[in-house]
Amino acid sequence: MPYDHKKIEKKWQKEWAKNNFAEWHAEDFGAKQKKYVLDMFPYPSGEGLHVGHLVGYVGSDIASRYFRMNGFNVLHPMGWDAFGLPAENYAIKNKIHPRIAVEKNIKNFKKQLNSVGFSYDWSREINTTDPDYYKWTQWIFLQLFKSGLAYEADLPVNWCVSCKTVLANEEVKDGACDRCGSAVLQKNMRQWALKITAYADRLLEDLDGLDWPEPIKEMQRNWIGKSEGAEIEFKINPPVGGVIKVFTTRPDTLFGATYVVLAPENPLIQNLESRIQNLEEVEKYITQSKKKTQLQRQKEEKEKTGVELKGIKAINPANGEEIPVWVADYVLMSYGTGAIMAVPKHDERDREFAEKFKLPIVDMPLVNKDEIVKKVGGKKQTQYRLRDWIFSRQRYWGEPIPIIKCPKCGNVAVPENDLPVKLPEVKNYKPTGTGESPLAAVSEWVNVNCPQCGGKAKRETNTMPQWAGSCWYYLAYVTKARNSKFEIRDSDFKRRARFWLPVDLYIGGVEHAVLHLLYARFWHKFLYDIGVAHTKEPFQKLLNQGLVLGPDGQKMSKSRGNVISPNETIEKFGADALRMYEMFMSPFGDQKPWDPKSIVGLRRFLDRVWKFGQHFADIDSRVARALNQTIKKVGEDIEEFHFNTAISALMILLNEMEKRITHPLASLELRRSGPTPSQREGENGEGDFVIFLKLLAPFAPHLTEEIWSKLGNKSAQGRPASGWKSIHLESWPEYDPKLVEEEAFQLIVQINGKVRDKFEAPVNISQSEAERLTLAREKVKLALENRKPRKVVWVPKRLINLVV
RNA sequence: GGGCAGGUGGCGGAACCGGAAUACGCGUACGGCUUAGAACCGUAUCCCGAAAGGGUUGUGGGUUCAAAUCCCACCCUGCCCACCA
């Protein structure tokens, strides 16, 4: 009989919640060694969780349970990243207030998570939209502001026409909005930005000490994009005042520079206006290129365009030659100095441009970098590709930026005692599209007195981006012990943080490689600098779970209709089967399609475990070896997140145990299904089976708990007295190293590298003995045809190879 | 164009510190059980061949007693970045 997963899983979820074991909670300042196991928390979207979201959560749950069984004090919390566009767009579409939508969605998410049987410490649950929470998001912003790291300026920004807000560079993908895929326009707007570039070097260097997947580190390195070079000045002829500064990583090619190119946005062009003979043409070109979106620029397949500034020449400082000056949009204002020296002999882009516009391409001797820089009066310089983080959004559903704009005093910080600046209720929270946030319309909220001079002033009406709340949430869990409020300034917090930080194991998707993970590292480093955090990095070890594709091999999405919800799967196969299938289907980090058929294999396995537990099982002692090997294998595999092979090992062990059943009746009953009352306590077999159950427990927590309690390990009834004994509070089984080693092995006999025979031999067989036995074998004699081996290769415990 | 990861049965994958390629699971076939089906149990299942035997880890080459594993060249797929000077 298959087990009744609906009944069993509900029952234990209720018991676990009701009993709320202290052992499942993280214990601040506990004596056991701490382990902080963290999931990237979800956006509670309206669609609910799909099976792909669960892969990471299942993995971290297995790890957490395993660490608890190994005697660690595990902090494994969960919360909600509920501000931002997904929540707001959902609310707009369904015509409910985002606050209400988020509440509803969180309820649904929590229900879904609980139905999978996760062992989260819900006493530390957080929600980034909770004013008690975002009070501290705002507080950190104010510290950044006071340190000069948050500033407002006219900046070139990305504007999403559909989301009607500016975006950070990190949120633009292939020239389109990462969120909605719409075109992104380049605009100049007055915006708040965070000076992440001030941390570029530290963000780069400290990657080395992190136990992160190498590709993620590489992505961050590329994003930061450090390059060393020099800034070199080119004098202008006629001398109109000012010089053209260029940045180059190859000053050694300076002799080959045959023209100079300015970015269309380069302000120098305005200074030169009076001398430009073809001003009209130049201005037309500039206007045109400004109109292009990034997407358009890319679609034009990098076909070079540009216009010469006639009447203007630059002087190559290496050889004093006069060279032409051009304006072209292949040079970007936002990188370097917004001007380049073009070396068409050496640089492919310059060559393409030179060929198109018939500019000279000359050979040059390469010279010593440092010497030439010195000689022409240039200076060494380091450039980063990383830009400051555009931090304001013209949207309603975010943390208000806690700044008051006073006509007299300028931008004034909201006094700390006035935090949080609560997001006001509004009737219309739709984005305006004018560049103003919907908050600007709430006059009773906007109009305030300046905290500095007392005069009339207005609140900043932009809100923070979605990433703000997730920049410090791992600290919030630490702060929020047992439902207390957040406070990250006092010594109590600092003691807790010192106890728990850094996060020992952080699990989430690759998609955050240069978004959340870079932003959070930046904030953490700032918090370190102001003495809030004591570690240089927040997340010591990072693992990425692989993406789950739909059954059609495509990315799961509502529009494709290939989204698999955990709800139906749990209904049909149970949470334990779902958990195991997700871990078994591929290596943890691999992308994988969902195969609706394969999950039955895991369910079959669990049914066989159930049957085994229903009937007593006298297992013969030869299983001991397999058992010890499995204890070793499963433990090692869990530590390395090789869950697929851990499960395979458990399957092999169960197969083995079924083969070794000595009681004929039990054997029969296991093979058929049928009622049997028999259960003996104290059998050898039961001991072995119980060990197997413990190994399986982190993967299939419900089923193992049920069998465990049925085996006489006191069920939950009658709790809270001392009756409770959950399998999840048991110790992880230990293996006997002697029993892991095999006594015998299949000795492979090769002749010229080809397998010709094999026979069983004791592990400690000597080479001479193995040779003697090998040469005596019929098959070998036949294959040798009287030839004598000219060489014998002997690999202990594996093979013997006769070379003739 | 640059960087990174990866190509193994009908499918997901295992082995990858060089040592039996295809563990484990899905699927499929046949048999059992069953009034029948489902479920379950058993057996088989990389390819060619009746067998002996031979072949097989994207392709081609190399190193080695021995290569899925190491080296070189090429092809393909996925992800990230992309006119960053």
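In what follows, every chain begins at residue 1, and chains take the letters A, B, ... in the order their sequences are listed. For clarity, every value in this text was computed on a predicted model and none was experimentally measured.
Within 4.0 Å (heavy atoms only), A:Pro593 reaches no atom of the nucleic acid at all. Across all strands, A:Lys754 comes closer than 4.0 Å only to sugar-phosphate atoms, never to a base (heavy-atom distances). A:Ser227 comes within contact range of the sugar-phosphate backbone alone, with a heavy-atom separation under 4.0 Å but no base atom that close. Across all strands, A:Arg603 comes closer than 4.0 Å to no nucleic acid atom at all (heavy-atom distances). Using a 4.0 Å heavy-atom cutoff across all strands shown, A:Asn644 reaches sugar-phosphate atoms only and no base atom.
Dense packing is recorded around NZ of A:Lys226, with more than 12 heavy atoms of other residues, nucleotides or ligands lying under 6.0 Å away. The environment of NZ in A:Lys356 is crowded: more than 12 heavy-atom neighbours from other residues, nucleotides or ligands sit within 6.0 Å. Around NZ of A:Lys781, the count of heavy atoms belonging to other residues, nucleotides or ligands within 6.0 Å exceeds 12.
Comparing the C1' positions of B:U34 and B:G49 gives a spacing of 40 Å, expressed to the nearest Å. Rounded to the nearest Å, the gap between the C1' atom of B:G78 and that of B:C83 is 25 Å. Comparing the C1' positions of B:G9 and B:G2 gives an interatomic distance of 36 Å, to the nearest angstrom. Comparing the P positions of B:U45 and B:C24 gives an interatomic distance of 12 Å, to the nearest angstrom. Rounded to the nearest Å, the gap between the C1' atom of B:U57 and that of B:C70 is 16 Å. As rounded to the nearest Å, B:G62 and B:C16 have P atoms that lie 27 Å from one another. Nucleotides B:A14 and B:A67 have their P atoms positioned 23 Å apart, rounded to a whole Å. Taking atom C1' in both B:U63 and B:U69, one finds a spacing of 14 Å when rounded to whole Å.
If you check the side chains of A:Glu771 and A:Trp794, you find no donor sitting under 3.5 Å from an acceptor. For A:Gln629 and A:Glu742, the side-chain atoms include at least one donor-acceptor pair closer than 3.5 Å.
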- Query: Step by step, would you call A:Phe643 with A:Phe584 a ring-ring contact (aromatic ring centres under 6.0 Å, His included)?
  - Reply: CA-CA 6 Å; A:Phe643 300 125; A:Phe584 183 69; over 10 Å; no
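Taking atom CD of residue A:Glu170 and atom C1' of nucleotide B:C81, one finds them 13 Å apart after rounding to whole Å. Between the P atom of B:C41 and the CD atom of A:Glu658 lies a distance of 8 Å, rounded to the nearest Å. Between the NZ atom of A:Lys758 and the P atom of B:G19 there is a distance of 17 Å, rounded to whole Å. In this structure, the CG atom of A:Leu517 is 15 Å from the P atom of B:C80, given to the nearest Å. Rounded to whole Å, atom C1' of B:A85 lies 14 Å from atom CZ of A:Phe353. The CD-P distance, from A:Gln554 to B:C79, rounds to 10 Å in whole Å. Between A:Glu352 atom CD and B:G1 atom P the separation is 13 Å, expressed in whole Å. Atom pair A:Met583:CE and B:A14:P shows a separation of 14 Å (rounding to whole Å applied).
The pairing partner recorded for B:C24 is B:G12, the criterion being a Watson-Crick or G-U wobble arrangement whose two distances lie under 3.5 angstrom. Pair assignment for B:G6 gives B:C76, based on Watson-Crick or G-U wobble hydrogen-bonding distances that are each under 3.5 Å. Pair check for B:C46 finds B:G55; Watson-Crick or G-U wobble, both atom distances under 3.5 Å. Nucleotide B:U69 has no partner under the Watson-Crick or G-U criteria, as no pair reaches both atom distances under 3.5 Å. Nucleotide B:G1 forms a pair with B:C81, judged by Watson-Crick or G-U wobble geometry with both contacts under 3.5 Å. Of all nucleotides present, none satisfies the Watson-Crick or G-U wobble test against B:C17 with each distance under 3.5 Å. The pairing partner recorded for B:U35 is none, the criterion being a Watson-Crick or G-U wobble arrangement whose two distances lie under 3.5 angstrom.
Not less than 6.0 angstrom separates the ring centroid of A:Phe692 from the ring centroid of A:Phe612.
Residues from residues 759-770 of chain A lying near RNA chain B, meaning a heavy-atom separation below 4.0 Å, are absent.
A syn base is found at B:G9: its glycosidic angle is within 90° of 0.
For the atom pair CG (A:Leu627) and CZ (A:Arg625), the distance works out to 11.5 Å, reported to the nearest 0.5 Å. Atom-to-atom distance recorded for A:Leu799:CG and A:Gln746:CD is 12.5 Å, nearest 0.5 angstrom.
Listed by first then second residue, pairs satisfying salt bridge (charged side-chain N to carboxylate O under 4.0 Å, His left out) with a partner in residues 590-599 of chain A number zero, not counting sequence neighbours.
A cation-pi arrangement is present between A:Lys304 and A:Tyr330, with the terminal nitrogen or guanidinium carbon under 6.0 Å from the aromatic centre and inside a 45° cone about the axis. Under the 6.0 Å distance and 45° angle rule, A:Arg603 counts as a cation-pi partner of A:Tyr3.
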Anything under 3.5 Å between a protein N or O and an N or O of nucleotides 24-26 of chain B, put it in a table, one pair a line.
residue: B:C24; atom: O4'; partner: A:Ser648; partner atom: OG; Å: 3.4
residue: B:C26; atom: OP1; partner: A:Arg604; partner atom: NH1; Å: 2.5

Can you name the atoms? Protein N/O to nucleotides 4-9 of chain B N/O, anything below 3.5 Å, with the distance.
none

For nucleotides 63-67 of chain B, tabulate all protein N/O to nucleotide N/O atom pairs closer than 3.5 Å, reporting atom names and distance.
residue: B:C65; atom: O2'; partner: A:Asn801; partner atom: ND2; Å: 3.3
residue: B:C65; atom: O2; partner: A:Asn801; partner atom: ND2; Å: 2.5

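With a 4.5 Å cut-off on side-chain heavy atoms, A:Asn644 and A:Met585 do not count as touching. Residues A:Ile224 and A:Asp201 have side chains not in contact (no heavy-atom distance under 4.5 Å, counting atoms from C-beta outward). When side chains are defined from C-beta on, A:Glu228 does not count as touching A:Gln381, because their heavy atoms never get closer than 4.5 Å. The shortest distance between side-chain heavy atoms of A:Ile323 and A:Phe234 falls below 4.5 Å.
Mapping A:Tyr581 and A:Asp347 onto RNA chain B via the closest heavy atom, the residue that lands nearer the 5' end is A:Tyr581. Toward the 5' end of RNA chain B, the nearer of the two residues A:Gly338 and A:Thr645, judged by each one's closest nucleotide, is A:Thr645.
For A:Lys173 and B:C80, a side-chain-to-base donor-acceptor distance below 3.5 Å is absent, hydrogens and geometry of angles not being considered.
Contact annotation: A:Arg385 reaches the phosphate of B:A82 (side-chain N/O to OP1 or OP2, under 4.0 Å). At B:A52, none of the side-chain N or O atoms of A:Arg756 fall inside 4.0 Å of OP1 or OP2 (strictly under the cut-off).
Using modelled atom types, one side-chain atom of A:Tyr285 and one backbone atom of A:Asp329 make a donor-acceptor pair closer than 3.5 Å.
Residue A:Asn222 places its side chain closer to B:G3 than to any other of B:A14, B:C83, B:G3. Distance from the side chain of A:Arg798 is smallest to B:A20 among B:A20, B:C80, B:G54.
Every residue was checked against the side chain to side chain donor-acceptor pair (under 3.5 Å) condition with A:Glu511, not counting sequence neighbours, and none meets it.
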